Enquirer: 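Below is the structure I would like to discuss, written out as structure tokens.
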Amino acid sequence: MAVERYNHREAEPKWQAHWAQAKSFEAKEDASRPKYYVLEMFPYPSGRIHMGHVRNYTMGDVIARFRRACGYNVLHPMGWDAFGMPAENAAIERGVHPKGWTYDNIKTMKGQLKSMGLSLDWSREFATCDPSYYQHEQAMFVDFMKAGLVERRVSQVNWDPVDQTVLANEQVIDGKGWRSGAPVEKRELAQWFLKITDYAQELLEALDTLKDWPEKVRLMQKNWIGRSEGLRFTFDLVDGAGKPVEGGLTVYTTRHDTLFGASFCAVSVDHPLSKKLSESDKGLDAFRKEVAALGTSEENIERAEKKGYPLGLYALHPFDKTRKLPVYAANFVLMGYGEGAIFGCPAHDQRDWDFATKYQLPIIPVVGPKDGAAVDVSKGPYLEKDGEEAKLINSEFLNGMSVEAAKSEMAMRMEATSGAKRVVNFRLRDWGVSRQRYWGCPIPVVHCKTCGIVPVPKEQLPVTLPEDAKFDKPGNPLLHHPTWRHTHCPNCNQPAERETDTFDTFIDSSWYYARFTSPQDANPVNAVAGKYWLPVDQYIGGVEHAILHLLYSRFYARAMLKVGQPNVAEPFASLFTQGMVTHATYRTEKGEWVLPSEALQKDGHWVHATTGENLEVGSIEKMSKSKKNVVDPDTIIAAYGADTARWFMLSDTPPERDLEWTEAGAEASWRFTQRVWRLVNDVAVLPKAAADMGADGLALRRASHQNAAAITENLNGLNFNVAISNLYKLTNALSAGLGDAQKSASIQGALREAAEFLTLLMAPMMPHLAEECWHVLGHATPVVDTAWPKALPDLVAVDEVTIAIQVNGKRRDEMTVAKGLDQKAAEAQALARENVQRAMEGKPPRKVIVVPDRIVNIVC
RNA sequence: GCCCUUGUGGCGGAAUGGUAGACGCGGCAGACUCAAAAUCUGCUUUCUGCAAGGAAGUGGGGGUUCGAGUCCCUCCAAGGGCACCA
């Protein structure tokens, strides 16, 4: 019987309105039910949502709806990471105010998200640029200051000359600003820092407890924290005349076992020794400038050869004071790591080898293979490989020892005699949070001539941004504002100046998940709500945040705990990083990029839809505006509906991999929605019958229950693509069963059950269609208020299995036997089979392996 | 340079060490139709064979095992992270 097509244009807005009106997704603390907090990384309100958002939020929504149906009390909130430079750039380029621009974008994007039918609790929505949000950030910062977690110090910073602001190390990518792409310069500035390094060890150790994080992300954080164990000690230092230099030269090394191979020392050009000597040494001064000019770009570093400038000083070898090691200022030694000074062991370090070769310094091998084979260091250093056992040579009391043993022997001797100290070093730097921008959270501090730096008292918070800022010249509009920064000292009430730096926006996103538990609370986090909801049970976002956002959040949670705020040390119990959305690229013969919506396939090749030009199909890449390979979610939702878009996002490709958006795939998803609609309508008109255990309905009932069990497991494991393939199987089974619909009441009952199962099982992915189907099947209660179907164990279990029979490991036959058939019987039955006998070629079986219900393998 | 991940049909991909290619896309054939679309049914790893069947097969090579896409070693390719970090 013909039914009308499923009309998403009517159904989707209707159900979205129903859910909103019924407040279906508003969460309340409820101690009687297990809680589940699902969170997707909140978006930056850039203007419009893109397909990456659609994929991210669809995944989160499937989890939220699934958990909800399974009886969890689900929290699934949404908000806006709303501070940041694009808003300010819009202000500079188009003369709009960042605030208006941001809130307009939020309005647009919220409408788009709503059209996706997400099960979000919109009552908890906030934007990080709301003063009601950032006032708590300011209050916490004041607490952090009191707790010693904040430092203000003059430091060499990464300065982005285009954005005119400071960047954290994490925001410098290949020596360029992460947003502007401009080569980063070094500058000295007074900056605010959060002392993330205080937590380096803890952040590292706790990574092992994050069992439900991708191994890859944990490893990236581990490398970023970069712990190394080494020895710090001081060389006696003499000048060219042999006169001792006070203070000596303190170095840090992880290879103290190679000390007997030392042939020079090197310090950073920014090392105090180098700085001091450059005052009287013009050549050194020039060298320092040359190194500084090289910058930090990867390209320059790659090309730069190891260069040094002799300081005219000599370090005395601790075990042989007659050995004088020349000291250089060198371009490959970094002031920011260890002591900014090293000893060079050219035989066992590539950089030291390059340097020694250039300046014709001795290369003394002190480590060699265990078998005693000669070490050749004339063409390069000898570097022992991982796990390779090596032994010390040419090293007096260390000779014959392994590297590890030599390290510990050397450390012991040096600690006893030379004031050396074993130290742990981290690559991780403190988090510089000052930004010289307008559109960020003001740092709540006042500079007073008498009292110095004074935190703004909490009762005077929030320090809000002036609305009348001007964006007509580069630099910080807060600094240029005629009145804003002029205030009075909270301490002495004398005229004073406000801090004009604002926070790095990564601070805003470091605790928003906690604010969602109690977004209207007078405190940053309500103690009861925080305790109930935290941690986030499932966090979903792009892998591009593996270091920055996720490491800052882990630190910030600990900082909050330290100042008594409700939180948990590890805010994200389980993390999932989804892949990107990609699309083929198209360009004209002139090389202009063409939108997919303008590309048409015609007679086996691609042409421009309006101009008819021939198009070249390029590689499949991440959707980006620059290559125009973008598909607009609004267009797709209008044409096919949100359910189709959601379904396609989850089909086929595993969620962690990149997904290629294809028009054919979207069409196929759309056809599937229509197919389900037809099948459900066909079942709905059948006489209602109970799904009993009648023999002729049994096969379909089994399919329903087996698929229900499988899909439940798939969704628990976030294997959305497999869940969908199982939904196809269930649909195929239902479709096949419809042919026999008139045969018996038992079949009709089984068909109804299958249709109901299908409806409920697909609901997390296609919530609107599911509601329509559920209604057609005669239910007054909507799907959102209906429990997840329970698979009956009796129907999930099979009573017959088809098992393979192998002869000498090759599959030769198969047989269908009762489930649980014992090994002897299986062996006997297998041996009796004609195909098996033929394959055995008359040889007697030497051994028979029987894995019950799986396989029989005959070895002969 | 170091570290990590991934390599399975024409394509996306499935597969607790136990029948490789489920499911979907695409393709082919058929049904319905005056015709087309939509829909439905079948076939679709490769080679060989009329067929029953046989052979090969999960990036290459080797190993462990009764049995390897899965575990180990090694090489190759693609992607990602870190990078003068002493």
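All chains are named by letter (A, B, ...) in the order of the sequence lines, taking the proteins before the strands, and each is independently numbered beginning at 1. These numbers come from a predicted model, not from an experiment.
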Enquirer: Quick check for you: among C3(B), A86(B), G13(B), whose closest atom lies nearest to any side-chain atom of L219(A)?
Expert: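 Of all the options, the side chain of L219(A) is nearest to C3(B).
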Enquirer: Between G54(B) and C72(B), how many Å separate the two C1' atoms, rounded to a whole number?
Expert: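 Straight-line distance between the two C1' atoms is 33 Å.
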Enquirer: Do Y382(A) and P365(A) come close enough that some side-chain heavy atom pair is under 4.5 Å?
Expert: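 In short, these two side chains do not touch, never coming nearer than 4.5 Å.
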Enquirer: Below 3.5 Å between N/O atoms, which protein atoms pair up with nucleotides 44-53 of chain B? Just atom names and distances, please.
Expert:
none

Enquirer: How would you list, by chain and number, every residue that makes a ring pair (Phe, Tyr, Trp, His ring centres under 6.0 Å) with F235(A), sequence neighbours excluded?
Expert: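 Only F233(A) meet the ring pair (Phe, Tyr, Trp, His ring centres under 6.0 Å) criterion with F235(A).
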Enquirer: Taking the ring of W661(A) and the ring of F648(A), is the distance between their centroids below 6.0 Å?
Expert: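 Between F648(A) and W661(A), the centre distance is under 6.0 Å.
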Enquirer: Shorter than 3.5 Å, N or O on both sides, protein versus nucleotides 24-32 of chain B: list them out with atom names.
Expert:
{"from": "G24(B)", "atom 1": "OP1", "to": "N732(A)", "atom 2": "ND2", "distance (Å)": "3.1"}

Enquirer: So, using ring pair (Phe, Tyr, Trp, His ring centres under 6.0 Å) as the criterion, who are the partners of F287(A) when residues are at least two apart?
Expert: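 Applying ring pair (Phe, Tyr, Trp, His ring centres under 6.0 Å) to F287(A) gives none.
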Enquirer: Please name all residues satisfying ring pair (Phe, Tyr, Trp, His ring centres under 6.0 Å) with F672(A), sequence neighbours left out, ordered by chain then number.
Expert: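 With neighbours one apart ignored, the set is W647(A), Y728(A).
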Enquirer: Is V848(A) touching bases, backbone alone, or none of the nucleic acid, heavy atoms closer than 4.0 Å?
Expert: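 Contact class for V848(A): none.
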Enquirer: What class does the angle between the rings of F355(A) and Y359(A) fall in, given that below 30° is parallel, 30 to 60° is tilted and above 60° is perpendicular?
Expert: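 Ring orientation, 0 to 90° scale: tilted.
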Enquirer: Choosing from A86(B), C3(B), U19(B), which nucleotide comes nearest the side chain of Y252(A)?
Expert: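 Selected nucleotide (nearest to the side chain): A86(B).
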Enquirer: Could you spell out the base pairing of RNA chain B in dot-bracket, with Watson-Crick or G-U pairs whose two distances are under 3.5 Å, [ ] crossing and | to another strand?
Expert: (((((((..(((.....[....)))((((((.......))))))((((....))))..(((((..]....))))))))))))....
Enquirer: Can you list everything that forms a side-chain contact (heavy atoms from CB on, under 4.5 Å) with E215(A)? Sequence neighbours excluded, please.
Expert: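 Counting only residues at least two positions away or on another chain, E215(A) forms a side-chain contact (heavy atoms from CB on, under 4.5 Å) with R218(A).
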Enquirer: Considering only G54(B), G13(B), U19(B), which nucleotide approaches the side chain of I855(A) most closely?
Expert: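 My answer, after comparing the listed nucleotides, is U19(B).
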Enquirer: What nucleotide among G12(B), U19(B), C84(B) has an atom nearest to a side-chain atom of T802(A)?
Expert: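 That would be U19(B).
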Enquirer: When you measure from the side chain of Q221(A) to the backbone of A546(A), do you find a donor-acceptor pair of N or O atoms at a distance under 3.5 Å?
Expert: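 Answer holds: yes.
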Enquirer: Please check if the distance between the ring centroids of Y328(A) and Y309(A) is under 6.0 Å.
Expert: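 Ring centroids of Y328(A) and Y309(A) are no less than 6.0 Å from each other.
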Enquirer: List, with names and distances, any nitrogen or oxygen atoms from the protein found under 3.5 Å away from nitrogen or oxygen atoms belonging to nucleotides 5-9 of chain B.
Expert:
none

Enquirer: Show the distances under 3.5 angstrom between N or O atoms of the protein and N or O atoms of nucleotides 65-69 of chain B.
Expert:
{"from": "C66(B)", "atom 1": "O2'", "to": "N857(A)", "atom 2": "ND2", "distance (Å)": "3.2"}
{"from": "C66(B)", "atom 1": "O2", "to": "N857(A)", "atom 2": "ND2", "distance (Å)": "2.7"}

Enquirer: Tell me which of N223(A) and I342(A) sits closer to the 5' end of RNA chain B, going by the nucleotide each one is nearest to.
Expert: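 Closest to the 5' end, via its nearest nucleotide, is N223(A).
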Enquirer: Got a sec, which residues hit salt bridge (charged side-chain N to carboxylate O under 4.0 Å, His left out) with E814(A), two or more places apart in sequence or on another chain?
Expert: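 With sequence neighbours excluded, E814(A) shows a salt bridge (charged side-chain N to carboxylate O under 4.0 Å, His left out) to R811(A), given in chain and number order.
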Enquirer: Sequence neighbours excluded and cut-off under 3.5 Å, please list the side-chain donor-acceptor pairs for residues 257-269 of chain A, or say none.
Expert:
{"from": "D257(A)", "atom 1": "OD1", "to": "R255(A)", "atom 2": "NE", "distance (Å)": "3.0"}
{"from": "D257(A)", "atom 1": "OD2", "to": "R255(A)", "atom 2": "NE", "distance (Å)": "3.4"}
{"from": "D257(A)", "atom 1": "OD2", "to": "R255(A)", "atom 2": "NH2", "distance (Å)": "3.0"}
{"from": "T258(A)", "atom 1": "OG1", "to": "R255(A)", "atom 2": "O", "distance (Å)": "2.7"}
{"from": "S263(A)", "atom 1": "OG", "to": "P362(A)", "atom 2": "O", "distance (Å)": "2.9"}
{"from": "S268(A)", "atom 1": "OG", "to": "D270(A)", "atom 2": "N", "distance (Å)": "3.0"}

Enquirer: Let me check something: any side-chain donor-acceptor pairs from residues 843-860 of chain A under 3.5 Å, sequence neighbours excluded? List them with distances.
Expert:
{"from": "D853(A)", "atom 1": "OD1", "to": "G820(A)", "atom 2": "N", "distance (Å)": "2.8"}
{"from": "D853(A)", "atom 1": "OD2", "to": "G820(A)", "atom 2": "N", "distance (Å)": "3.4"}
{"from": "N857(A)", "atom 1": "OD1", "to": "G809(A)", "atom 2": "N", "distance (Å)": "3.1"}

Enquirer: Give me the distance, rounded to whole Å, that separates C71(B) from G7(B) when you measure between the P atoms they each carry.
Expert: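 To the nearest whole Å, 10 Å.
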Enquirer: If you assign each of K810(A) and G340(A) to its closest nucleotide in RNA chain B, which residue comes earlier from the 5' end?
Expert: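 By nearest-heavy-atom nucleotide position, the 5'-most residue is K810(A).
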Enquirer: Answer syn or anti for G63(B), where the cut-off is 90° from 0 on the glycosidic torsion.
Expert: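 That one's anti.
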Enquirer: Which of these nucleotides, A86(B), G81(B), G12(B), is closest to any side-chain atom of T653(A)?
Expert: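 Of the candidates, G12(B) comes closest.
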Enquirer: Ignoring the backbone of W224(A), work out which of C3(B), G54(B), A83(B) is nearest its side chain.
Expert: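 Side chain of W224(A) sits closest to A83(B).
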